[in-house]
Amino acid sequence: MSAQNTMHTNVVQPNPQQPLLNPYQNQRFAVPGTAGGFGPPDQSYGRPAQPSYQQPPAAYINTGPVAKNGAPPRVIPIAALNPFQGTWKIKARVTAKTHVKHYINGQGPGKLFTFDLLDAHRGEIRAKCFKEVVDQFYDLIEVGKVYLISSRGGLKPAQKQYNPLNNDYEISLDARTCVEVCSDDDSSIPRQQFNFRKISELANMDKGVLIDLLGVVTSVSPTFTLMRKNGVETQKRVLELKDMSGCSVETTFWGNFCDAEGQQLQLLCDSGSNPILVLKSGLVGDFKGRSVSTINSSVLQINLDLPEAESLRQWYITEGKDAAFTSLSVGMSSMGRTDVRKTVAQIKDEDLGRSEKPDWITVMGAIWSIKTETFCYPACTAEVNGTRCTKKVINNGDGMWQCDSCGQSSQNCEYRYMLQCHIQDHTGIITFATAFQEAGEVIIGLPAQDLFRIKHEDQDEIKFADIIQQARYQQYLFKLRVKEETYNDETRVKCNIVKVQKLGRHVKRESLSSGSN
DNA sequence: CCCCCCCC
């Protein structure tokens, strides 16, 4: 009932009693099991019902005597499981299941598979089977089914690095574990629990974070077979996902996900429909800026009957289709279709900017230094053909600003950016580049007028230095116009930063030499 | 007890 009681309450509410697993997990939605009396089946979201079992009720701990009597243990919430109890029993639905992984370590060859469990109280936990336990349970465990699982002990600290579930523990199944399928598909147990992130949020996430995404699939590549470094062949597909945040991200399906789900998505895309994909437990990567990929324990669901999916579909049909998207994976479309990725080193190596037309390239890198003496210039505020002149004006001494470009003079001027930056990318090579008004404002984070006031009117050197410092060690995507220019008989290739996008990543300070300013 | 997701 709890899911129905709270349906359509997509409330952001971290449980104050439980520390968040990571800063990105603040929303949880659950898809309930079959219809429980009202509301369409499988279509409800529930606010996380997360009673705190950090201090398990006494009844859950004192299972010892009961177990010794041989009486079957009572079902307890997953959230009450802990390593200090004896016999336990849970009732939960399997929400994900990996394939069997074979490996060789110091003890010789081994194998394992894992599956994830969710119970009626929204408690979740990962279960692991090794060696012969794999054979014992692999076929029995099916995603979507409800099981009664009982055992003694077997609780270990969760490997948070690989396991996004909201539980401090994991279960290791062993010979003492009893797993039985529940014939009644308990509708009080949600089918899935999602914690959807917007694609735009990926920009501020670290590589390695596991997330749930809900996106429109706008393209699907064929399956590629490639050889891994260890000589084992693997398959991949590359998809583009978009959502209402106006961002898109390149998403890679690995291995088995290429087959069933990848195939189905390709057919749907080819037939002109825009399937909605749920990717549960996708891994954030930083390839081409930001990327997402499947891992073994990922779950894919196509056109799942969710209100969120339906509104995304409607939005995409009515406006999304024609909207401009910001790609978090450079090379897709973020900086325009003609986007050409280059390194700073290539500007020189390939003699860019030496031909008739400018070269337009995109470079990922960081600001290495900013020239602080002249970061802006007084610009003409006069209108010429309906737009601001913005050329440089000169104070002619009588309080008037004279523009040599449009010939007008005015009582005021406007300070506009002409930021002279050194930009550096992973090749370590540095180039000089100039950012004008719009790009300068993105880099500095303040209008040029404000920075001018801080430095020249307030004369707050500390604040000024602080602001400049903030712009460093920050990853950006620079769209550069590269063109040679002749000035005073000297011809040089100049780079103008025509567009800049913050990637939301700080570069390690050590990777940049200590620059001036 | 494995293992980050493989490649560009």
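The chains referred to below are lettered A, B, ... by the order of the sequence lines, with proteins before strands, and numbering in each begins at 1. On a predicted model such as this, the values are computed, not experimentally measured, just so you know.
- Look at Glu350(A) and Lys342(A) and you find a salt bridge, because one of the NZ, NE, NH1 or NH2 atoms lies within 4.0 Å of a carboxylate O, short of that distance.
- In this entry the distance linking CG of Asp286(A) with P of dC7(B) reads 13 Å, nearest Å.
- Residues of residues 101-117 of chain A that place a heavy atom closer than 4.0 Å to DNA chain B, in numerical order, are Lys101(A), Tyr103(A), Asn105(A), Leu112(A).
- Atom NZ of Lys348(A) sits in a sparse spot, with 12 or fewer heavy atoms from other residues, nucleotides or ligands closer than 6.0 Å.
- Residue Ile211(A) contributes atom CD1, which lies 15 Å from atom P of dC5(B) at whole-angstrom precision.
- The distance between atom CG of Leu279(A) and atom P of dC5(B), rounded to the nearest whole Å, is 15 Å.
- Side-chain proximity of Asn296(A) to the nucleotides dC1(B), dC5(B), dC7(B) is greatest for dC5(B).
- The local environment of NZ in Lys89(A) is crowded, with over 12 non-hydrogen atoms from other residues, nucleotides or ligands closer than 6.0 Å.
- Within the 4.0 angstrom heavy-atom criterion, only backbone atoms of the sugar-phosphate kind lie near Thr294(A); the bases stay farther away.
- Ion pair Asp243(A)/Lys198(A) not flagged as a salt bridge, since none of the NZ, NE, NH1 or NH2 atoms sits closer than 4.0 Å to an Asp/Glu carboxylate oxygen.
- Considering Asp425(A), Val500(A), Ile497(A) as possible partners of Tyr476(A), the one that fulfils the side chain to side chain contact (heavy atoms under 4.5 Å, CB included) test is Val500(A).
- For Lys236(A), counting side-chain heavy atoms from C-beta on, the closest listed nucleotide (dC7(B), dC5(B), dC3(B)) is dC7(B).
- Of the charged side-chain nitrogens involved, none lies within less than 4.0 Å of a carboxylate oxygen, so that Asp186(A) and Arg93(A) do not count as a salt-bridged pair.
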Between Phe113(A) and His99(A), is the ring-ring contact (aromatic ring centres under 6.0 Å, His included) condition met? List the steps.
CA-CA 6 Å; Phe113(A) 87 101; His99(A) 292 271; 9.9 Å; no
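- The separation between Leu239(A) atom CG and dC7(B) atom C1' is 16 Å, rounded to whole Å.
- In this structure, the CZ atom of Arg237(A) is 16 Å from the C1' atom of dC7(B), given to the nearest Å.
- At whole-Å resolution of the value, CZ in Phe287(A) and C1' in dC6(B) are 12 Å apart.
- Between Phe224(A) atom CZ and dC6(B) atom C1' there is a gap of 15 Å when expressed in whole angstrom units.
- In the set dC7(B), dC5(B), dC3(B), the nucleotide with an atom closest to the side chain of Leu226(A) is dC7(B).
- The phosphate of dC5(B) has neither OP1 nor OP2 within less than 4.0 Å of any side-chain N or O from Trp254(A).
- The interatomic distance linking Leu283(A) (CG) with dC7(B) (C1') rounds to 15 Å, in whole Å.
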